[in-house]
Amino acid sequence: MLAEPPVTFLSNGTNILMASITWYLVYYFPSDLFYNFSCIRPIRVIVAALKEVTRTWKILSGVTQAHSRFQDAWLVMITIGWAKGAGGGLISNFEQLVRGVWKPESNELLKMSYPVKVSLVGAVLFTLQQTQHLPLSRNNLMLFYTLFLIATKVQMMLTHSSTSPFQPIEAALCRLLFSCHQAQTPVNEKVTTTSADAKGETSKKPVEKLSAKISKSAQKTEAKKSD
């Protein structure tokens, strides 16, 4: 995005080697021992916390890199910092096209996940700090933002919750700025089921069971990728 050579990342052989080893251990280690070990809750919590620390550094490096070239371009700094912190989520649409699996309902630009949202918020905060519009030092902002990321991520993991902490703010802004109203289901609406529908549902059960067995291995692979 900053017109740098696209092969620059290949110059760091150490990172390429570490990424290759990690990829092999997660997907092809015998009996999935490494993946099962990483699924232990204390290990997952530690890895998730370290990942959020890395996210802070990525966002900051993206904003700083963009500021060195475009000092007054807020949108450029926010975009580069956002892409650095949530690159995996933003590039998921292109990845789906390459793999031949297109899921428009999971478009991160239309329906953002929590990592993409929090990376965007971080990019905005660090851009404001970089342009001296936020009366807070860089070290303090990094500390507060990283603590928020770790606390939120750990809380979501321990409670098995996928609800974004920004949801109340988003709902309030939606009602205030866009006049969004929650769709209400009529109370007197009744659903009738005919015998033909019941037979159709019964005939679908064997097919659904077969489809579930076929997609079991694919779901396991997707679970590894999401972890």
Side-chain angles (χ1 to χ4, degrees), residues 6-62 82-108 111-119 122 142-143 145-165 205-227:
V7 295
T8 303
F9 71 97
L10 296 175
S11 62
N12 194 329
T14 303
N15 287 347
I16 298 298
L17 180 61
M18 291 179 60
S20 301
I21 293 175
T22 304
W23 166 78
Y24 170 78
L25 293 176
V26 171
Y27 288 98
Y28 297 103
F29 197 81
S31 303
D32 277 343
L33 294 179
F34 183 83
Y35 175 71
N36 294 331
F37 173 77
S38 64
C39 287
I40 300 175
R41 177 164 296 184
I43 303 299
R44 291 192 64 183
V45 170
I46 295 175
V47 173
L50 294 176
K51 183 178 180 180
E52 298 307 321
V53 174
T54 306
R55 190 189 306 277
T56 302
W57 282 103
K58 288 182 177 180
I59 296 174
L60 178 60
S61 65
W82 188 25
K84 282 270 192 177
L90 296 176
I91 206 174
S92 60
N93 295 330
F94 176 75
E95 177 194 0
Q96 292 173 6
L97 290 176
V98 172
R99 293 190 293 119
V101 180
W102 174 240
K103 298 179 181 179
E105 69 278 1
S106 62
N107 192 319
E108 288 287 355
K111 188 177 180 181
M112 297 184 187
S113 60
Y114 167 72
V116 176
K117 291 179 181 178
V118 78
S119 298
M142 290 181 61
L143 176 62
Y145 181 71
T146 304
L147 290 178
F148 172 78
L149 291 181
I150 295 176
T152 305
K153 184 64 175 182
V154 171
Q155 186 267 337
M156 293 175 66
M157 292 182 63
L158 295 180
T159 58
H160 301 285
S161 173
S162 59
T163 304
S164 171
K205 290 183 179 179
V207 179
E208 293 177 352
K209 291 181 179 180
L210 180 61
S211 300
K213 291 181 180 180
I214 296 176
S215 62
K216 187 176 181 180
S217 59
Q219 291 176 355
K220 187 175 181 181
T221 303
E222 292 294 334
K224 290 181 179 180
K225 292 189 65 176
S226 62
D227 292 339

Contacts table for residues 149-160: side-chain donor-acceptor under 3.5 angstrom, sequence neighbours left out:
| from | atom 1 | to | atom 2 | distance (Å) |
| --- | --- | --- | --- | --- |
| Thr152 | OG1 | Phe148 | O | 2.7 |
| Thr159 | OG1 | Gln155 | O | 2.6 |
| His160 | NE2 | Arg41 | NH2 | 2.8 |

Practice problem: List the atom of Ser38, the atom of Arg44, and the distance in Å for their closest heavy-atom pair. | Solution: O-CG, 2.7 Å
Quiz prompt | Test item: Met112 and Ser164 side chains (from C-beta on) under 4.5 Å apart, heavy atoms | solution = no
Self-check item: Beyond-backbone contact of Thr8 with Ser11, side-chain heavy atoms, under 4.5 angstrom
Solution: yes
Exercise. Output all residues satisfying side-chain contact (heavy atoms from CB on, under 4.5 Å) with Ile16, sequence neighbours left out; order by chain, then residue number.
Key: Phe9, Leu10, Ser20
Exercise. Search all heavy atoms of Asp32 against all heavy atoms of Tyr27 and return the closest pair with its distance.
Key: OD1-O, 4.3 Å
Quiz item: Asn12: what forms a side-chain contact (heavy atoms from CB on, under 4.5 Å) with it, not counting sequence neighbours?
Solution: Thr14, Asn15
Practice problem: Check salt bridge (charged side-chain N to carboxylate O under 4.0 Å, His left out) between Lys117 and all other residues, then give those that pass, not counting sequence neighbours. | Solution: Glu170
Practice problem: For the residue pair Tyr24 and Tyr28, categorise the inter-ring angle as parallel (less than 30°), tilted (30 to 60°) or perpendicular (more than 60°). | Solution: parallel
Self-check item: Distance, nearest 0.5 Å, that separates CE of Met142 from CH2 of Trp57
Solution: 3.5 Å
Self-check item: Contacts of Thr56 that satisfy side chain to side chain donor-acceptor pair (under 3.5 Å) - sequence neighbours left out
Solution: Thr146
Practice problem: List for me each residue that meets side-chain contact (heavy atoms from CB on, under 4.5 Å) alongside Leu25, sequence neighbours excluded, and say none if there are none. | Solution: Ile21, Phe29, Phe34
Practice problem: May I ask you to check whether over 12 heavy atoms, not counting those of Ile91, lie within 6.0 Å of atom CD1? | Solution: no
Quiz prompt | Non-neighbouring partners of Tyr145 that pass ring-ring contact (aromatic ring centres under 6.0 Å, His included), sequence neighbours left out | solution = Phe126
Quiz prompt | Minimum-distance pair of heavy atoms, taken over all atoms of Lys84 and Gly62 | solution = CG-CA, 3.6 Å
Quiz prompt | Listed partners of Ile43 passing side-chain contact (heavy atoms from CB on, under 4.5 Å), at least two apart | solution = Phe37, Ile40, Val47
